[in-house]
Amino acid sequence: MGSLPTMMPRLRPGSVRMGRIDRLGWRAGTCFDAYGLRVGVRTNSPALLDRLGPHLPPGWRACASPVVDEIFSVWVDPGGGGARRPSRVYAGRHRRARTADLAHAFAVLESEIRQSVAAGAERRTFVHAGVVGWRGRAIVVPGRSRSGKTTLVAELVKAGALYLSDEFAVLDARGRVHPFAKPLSIRGPGGCDRHARSRRAEDLGGTCATRPLPVGLVVLAEHRPGATWRPERLTAGQAVLEMLAHTVPARLRPEASLRALARVVSRATVLKGERGEAGDVATLLLRSLEETERDSRPRTGGTGAR
């Protein structure tokens, strides 16, 4: 990934209606490419561009195109002249945040950009899921926010699995899942997003994957305190329907989404059930993937072969 070019991005005609926020006095901007979607960010404070890089989606690349598909705006109080005014974050012409905490403004911007890329990147299918790799295959854990997928991913990483993502399974047309290795966002006991901790895989003693992996196991596991992991194995049709509920572009590109999901479940075991504590389930899942891979290997030799 290179450094971001400093420029003022120009909108593709008719793509976004900027409305009244064009009058706020933008002074600097930049653009980047993420999975084929060109995104522009502009601000009234050029110094903010130097802080933007860590908040961009994994896999972004700087681009010099003056035409963008989506644009985001960050306005900060220039100071002076009385009371301080809150910073504001815009996605298109819609305000997404108004806060005096610039760190919170950046967090909102980061989240909005990731969601936009997940919906608009036509070369990939994004599924809300945590993902780890184990012995050449991926374990995908679909789930809505606060379903416990990040906690389970963290325990799998601590157990030795490679880290791919705690937010999206990024699927290609062949059904492989690509790394989207943003830092894990681990909420505190109260579950508050504002006080979540960012942890790298290395902080947990793990390693990030660097290449796409075929999916070996899909785990639909809802956390319930005290539950025992006794999952049922889903059919391919059931599995596609379950995963479709967590697929970001399902309504925008239903055919491509269904094809990608069908490729995944045709080669993977899909389990669904309630789970207890993540640490107790992580080892069981790694063992389950190993057993599935062992059972799927072709047997050779005749009677008595060892």
Side-chain angles (χ1 to χ4, degrees), residues 125 127-143 147-166 168-181 201 206-224 227-247 257-301 305-306:
T125 298
V127 178
H128 278 293
V131 190
V132 300
W134 183 249
R135 300 188 177 179
R137 308 286 280 185
I139 300 174
V140 176
V141 186
S147 64
K149 61 181 183 294
T150 296
T151 305
L152 183 53
V153 165
E155 291 299 328
L156 286 163
V157 171
K158 291 176 184 177
L162 291 174
Y163 176 61
L164 278 83
S165 180
D166 78 328
F168 293 118
V170 183
L171 306 176
D172 62 23
R174 295 165 57 184
R176 301 178 304 171
V177 60
H178 291 248
F180 193 84
T207 305
C208 292
T210 58
R211 61 185 179 87
L213 295 174
V215 180
L217 184 64
V218 177
V219 181
L220 296 146
E222 191 78 20
H223 175 241
R224 183 174 65 81
T228 300
W229 178 240
R230 295 192 182 94
E232 62 171 321
R233 182 166 180 169
L234 302 186
T235 66
Q238 291 172 328
V240 168
L241 289 176
E242 291 280 355
M243 293 184 69
L244 196 62
H246 303 289
T247 301
S257 298
L258 286 169
R259 282 197 300 270
L261 297 179
R263 288 288 180 88
V264 168
V265 303
S266 68
R267 299 179 176 89
T269 298
V270 183
L271 303 177
K272 180 181 180 181
E274 292 182 333
R275 68 165 180 85
E277 297 308 306
D280 299 332
V281 178
T283 303
L284 297 177
L285 294 180
L286 298 179
R287 189 183 307 157
S288 178
L289 179 57
E290 292 174 357
E291 292 172 353
T292 299
E293 292 298 303
R294 184 172 59 247
D295 293 343
S296 66
R297 293 184 192 130
R299 302 180 184 275
T300 59
R306 298 181 180 179

Trace of the side chain to side chain contact (heavy atoms under 4.5 Å, CB included) decision for L285 with V132: CA-CA 11 Å; L285 294 180; V132 300; over 6 Å; no

Least distance between heavy atoms, V157 atom then G206 atom: CG1-CA, 3.7 Å

Any side-chain heavy-atom pair of V270 and E242 under 4.5 Å: no

Distance (rounded to the nearest 0.5 Å) between M243 CE and Q238 CD: 14.0 Å

V127 vs V264 side-chain heavy atoms within contact, under 4.5 Å: no

Worked verdict on H223 versus S147 for side chain to side chain contact (heavy atoms under 4.5 Å, CB included): CA-CA 7 Å; H223 175 241; S147 64; over 6 Å; no

Non-hydrogen side-chain atoms of K272 and R233 separated by less than 4.5 Å: no

Heavy-atom check, side chain of I139 versus side chain of L289, under 4.5 Å: yes

Shortest non-hydrogen separation from W229 to L271 and the atoms involved: CZ2-CB, 4.2 Å

T125 to A260 - nearest heavy-atom pair and separation: OG1-CB, 3.8 Å

Flag side-chain contact, heavy atom, 4.5 Å: L234 against L220: yes

Parallel, tilted or perpendicular: ring planes of F180 versus F168, cut at 30 and 60 degrees: perpendicular

Nearest atoms (heavy-atom pairs only) where V177 meets V215: CG1-CG2, 4.1 Å

A129 versus V140, closest heavy-atom pair with distance: CB-CG1, 3.8 Å

CH2 on W134 to CG on L162, rounded to 0.5 Å: 9.0 Å

Pairwise distance CD(E222) to CZ(R275) - rounded to 0.5 angstrom: 8.5 Å

Test item: S288 side-chain N/O and L284 main-chain N/O as donor-acceptor pair under 3.5 Å: no

Beyond-backbone contact of L261 with L171, side-chain heavy atoms, under 4.5 angstrom: yes

Within-4.5 Å side-chain heavy-atom neighbours: R267 and R263: yes

Heavy-atom check, side chain of R137 versus side chain of R135, under 4.5 Å: no

For the student: nearest non-hydrogen atoms of E155 and A278, plus distance: CG-CB, 3.6 Å

